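Notes follow the structure.
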Amino acid sequence: MENNQEIKLIILCSWGATSSQLAKKVQDAAEKRGLSVTVDAGGTGEFKQKASNYNVALLEPQVRHLKKEVTKTAEQYDIPVDLVDQRAFALMDGDKVLDQVLKLMNK
């Protein structure tokens with residue numbers, strides 16, 4: 001991935017509460033590395049309306065049952081979708097989640 005490509009990530013959970021905490025951690029990790037990353041948090045319901053704003057989406061482990069539905073929306077915009085790494089989520093590890101996003105973007 002070229003360094004000048006901005007990553008626009010959305011972290012999805014059912015209501016956007018825990019995801020906003022994680023989003024902030026990922027944002028901080030990106031800033032420390034000097035990467036251009038915008039991280040938003042949201043509920044899976046609103047993703048349909050806002051999908052076109054992003055180029056990668058992560059789902060928190062507790063909404064893994066919605067992955068198929070989210071992926072269907074994401075595919076229309078060519079957005080990779082994955083579940084947040086369970087351990088990284090438990091530890092609220094922004095660096096680990098950022099690594100996961102970078103890997104997804106490189107595929």
Side-chain angles (χ1 to χ4, degrees):
M1 187 183 95
E2 312 92 56
N3 286 344
N4 59 4
Q5 187 194 354
E6 194 188 349
I7 297 172
K8 294 188 177 74
L9 163 67
I10 185 158
I11 300 175
L12 299 165
C13 69
S14 26
W15 304 109
T18 47
S19 56
S20 49
Q21 201 181 344
L22 186 58
K24 183 163 179 7
K25 301 264 189 190
V26 176
Q27 188 87 59
D28 292 345
E31 282 166 18
K32 277 193 197 105
R33 296 191 207 180
L35 294 170
S36 176
V37 181
T38 304
V39 190
D40 288 338
T44 49
E46 55 189 319
F47 179 64
K48 278 190 180 76
Q49 287 84 54
K50 304 197 307 197
S52 60
N53 302 338
Y54 301 101
N55 51 22
V56 61
L58 289 178
L59 280 100
E60 293 195 346
Q62 70 272 33
V63 290
R64 65 164 56 84
H65 59 285
L66 296 170
K67 185 171 187 222
K68 201 188 274 164
E69 187 188 317
V70 169
T71 302
K72 216 185 332 194
T73 301
E75 278 171 349
Q76 300 164 24
Y77 304 98
D78 204 21
I79 304 168
V81 175
D82 202 2
L83 292 170
V84 172
D85 177 87
Q86 189 110 35
R87 250 194 94 218
F89 177 70
L91 299 169
M92 284 281 152
D93 185 337
D95 270 303
K96 201 168 172 157
V97 175
L98 181 58
D99 289 338
Q100 192 182 352
V101 168
L102 295 171
K103 226 180 254 148
L104 274 173
M105 297 291 293
N106 269 333
K107 66 164 182 50

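Being a predicted model, the structure only gives us computed values, none of them experimental.
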query: What is the minimum heavy-atom distance between V81 and A74, and which atoms define it?
result: CG2-CB, 3.3 Å
task: Decide yes or no for E60 and I11: does some side-chain heavy atom of the first lie under 4.5 Å from some side-chain heavy atom of the second?
output: yes
message: As a quick check of understanding, evaluate side-chain contact (heavy atoms from CB on, under 4.5 Å) for R87 and D93, giving each step before the final call.
response: CA-CA 8 Å; R87 250 194 94 218; D93 185 337; over 6 Å; no
query: Considering only heavy atoms from C-beta outward, does the side chain of Q62 approach that of T18 to under 4.5 Å?
result: yes
query: Which atom pair, heavy atoms only, marks the closest approach of V97 to A88?
result: CG2-CB, 3.8 Å
task: Compare every heavy atom of S19 with every heavy atom of G42, then report the nearest pair and how far apart it is.
output: N-OG, 3.8 Å
message: If the test is side chain to side chain contact (heavy atoms under 4.5 Å, CB included), which one of V39, V84, L58 qualifies with L22?
response: V84
message: Show the nearest heavy-atom pair for residues Q100 and D85, with the distance to one decimal.
response: OE1-N, 3.0 Å
query: Charged N to carboxylate O below 4.0 Å: is that the case for D28 and K24?
result: yes
task: Start with the C-alpha distance between I7 and L35, add both sets of side-chain angles, then the distance that settles side-chain contact (heavy atoms from CB on, under 4.5 Å), and finish with yes or no.
output: CA-CA 8 Å; I7 297 172; L35 294 170; 5.8 Å; no
message: To the closest 0.5 Å, what do you measure between OH (Y54) and OH (Y77)?
response: 12.5 Å
- line: Note: A51 and I79 closest approach over all heavy atoms is O-CD1, 3.2 Å
- request: Measure the spacing between NZ of K50 and OG1 of T73 and express it to the nearest 0.5 Å.
  value: 13.5 Å
field: Basic-acidic side-chain contact under 4.0 Å: R33, D95
entry: yes
task: Give a yes or no on whether the backbone of V56 and the side-chain of D82 come within a donor-acceptor separation of less than 3.5 Å.
output: no
task: Look up atom CG in L59 and atom CD1 in I10, then write down how far apart they are to the nearest 0.5 Å.
output: 10.0 Å
message: side-chain contact (heavy atoms from CB on, under 4.5 Å) for K8 and N53? Distances and angles first, verdict last.
response: CA-CA 7 Å; K8 294 188 177 74; N53 302 338; 5.7 Å; no
- request: Name all residues meeting the side-chain hydrogen bond (donor to acceptor under 3.5 Å, both in side chains) criterion together with E69; count only those two or more places apart in sequence or in a different chain, and write none if there are none.
  value: K48
message: Is the shortest side-chain heavy-atom distance between F89 and L83 below 4.5 Å?
response: no
